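Written out below as structure tokens is the structure these notes cover.
Nothing here was measured: the structure is a model prediction, and the numbers come from that model.
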Amino acid sequence: MNRIELVEKIATAHNLSKAEAARVLETITSTIVAAVKKDDAVQIVGFGTFKQVARAARSGFNPSAGTKIKIAAQKVPKFVPGAAFKAAVDPKAAKRKADNKAVAAKPAAKAAKPAAKPVAKKAAAPAKKAVAAKKK
């Protein structure tokens, strides 16, 4: 989907003219760009977060000249998709993640039970010694 198709979708969904929908889209994008430029994160719950990240300076390789080059540090925009967006794109992965969380919670409950068992074993151990002492 490109910008024109998105404008048409907004216009038909909200009974707007294409010009009005284009202005709405332009307002949204310019607001996000301005906020990220000021190093503010824009978080849309369920959709994702737009933020600015700093890339460290690093060395690269120029394949045509065969030499190492220095790449300067820079600030770049980053989009981190939200949980609902990820689940909509790949529902199987969301289900696996939910299942893994459920499995991780079960061992925590089982961990409490073994703590009670050693107490019972310690109580049983002296009884065996007493039986062995009576046999002698």
Side-chain angles (χ1 to χ4, degrees):
M1 178 179 278
N2 61 25
R3 183 181 180 280
I4 294 170
E5 293 170 340
L6 185 58
V7 167
E8 289 173 358
K9 183 77 172 175
I10 293 169
T12 57
H14 297 286
N15 296 327
L16 300 172
S17 68
K18 288 183 184 177
E20 290 171 331
R23 285 193 297 271
V24 169
L25 182 60
E26 179 60 33
T27 302
I28 292 169
T29 55
S30 64
T31 303
I32 291 172
V33 168
V36 171
K37 187 176 179 180
K38 287 192 261 182
D39 202 19
D40 291 337
V42 178
Q43 183 178 13
I44 303 171
V45 177
F47 182 70
T49 303
F50 297 90
K51 60 185 176 179
Q52 184 185 101
V53 295
R55 281 195 187 154
R58 62 192 192 278
S59 62
F61 183 74
N62 182 352
S64 62
T67 59
K68 282 189 170 184
I69 58 172
K70 292 181 181 177
I71 300 171
Q74 56 188 351
K75 296 176 184 176
V76 294
K78 182 178 181 180
F79 175 72
V80 180
F85 188 22
K86 288 180 186 178
V89 172
D90 190 2
K92 290 181 182 178
K95 185 178 183 317
R96 284 192 305 267
K97 187 174 182 179
D99 290 344
N100 287 341
K101 284 186 178 181
V103 170
K106 287 181 182 178
K110 288 182 179 180
K113 290 182 181 179
K117 286 182 181 179
V119 174
K121 287 180 181 178
K122 287 180 182 178
K128 289 180 182 178
K129 287 181 183 177
V131 171
K134 288 181 182 179
K135 288 182 180 179
K136 288 183 182 181

If Ile, Leu, Val, Met, Phe, Trp and Tyr residues are connected whenever their side-chain heavy atoms lie under 4.5 Å apart, and connections chain through other members, are Val45 and Phe85 in the same group? no
Which pair of heavy atoms, one from Ser17 and one from Ala11, lies closest together, and at what distance? O-CB, 4.0 Å
Just jot down the side-chain contact (heavy atoms from CB on, under 4.5 Å) partners of Ala22, sequence neighbours excluded, or say none. Arg3, Val7
What is the minimum heavy-atom distance between Ala35 and Val42, and which atoms define it? CB-CG2, 3.5 Å
Can you tell me how the ring of Phe50 sits relative to the ring of Phe79, calling it parallel under 30°, perpendicular over 60° and tilted otherwise? tilted
Quick check: closest heavy atoms across Ala84 and Gly46, and the distance to 0.1 Å? CB-O, 3.3 Å
Mind jotting down which residue pairs meet the side chain to side chain donor-acceptor pair (under 3.5 Å) criterion with at least one end in residues 34-62? Sequence neighbours excluded, please. Asn62-Ser64
Lys86: salt bridge (Lys or Arg N to Asp or Glu O under 4.0 Å) partners, not counting sequence neighbours: none
Measure the NZ-NZ distance between Lys95 and Lys92 for me, rounded to the nearest 0.5 Å. 11.0 Å
Atom pair CG/CD1 of Leu6 and Ile28 - distance to nearest 0.5 Å: 8.5 Å
Interatomic spacing from OG1 in Thr31 to CD in Glu26 - rounded to 0.5 Å: 9.0 Å
Take a 6.0 Å sphere around CD1 of Ile69 and say whether it holds more than 12 heavy atoms from other residues, nucleotides or ligands. yes
Atom NZ in Lys97, atom CG in Asp99: separation rounded to 0.5 Å? 12.5 Å
To the nearest 0.5 Å, atom CG of Asn15 lies from atom CD of Glu20 at 10.5 Å
Between NZ of Lys101 and CZ of Arg96, what distance do you get to the nearest 0.5 Å? 14.5 Å
Would you kindly confirm whether Leu25 and Met1 end up in one hydrophobic cluster when ILVMFWY residues are joined by side chain heavy atoms under 4.5 Å apart? yes
Should Val53 and Val80 be counted in the same cluster of Ile, Leu, Val, Met, Phe, Trp and Tyr side chains packed under 4.5 Å apart? no
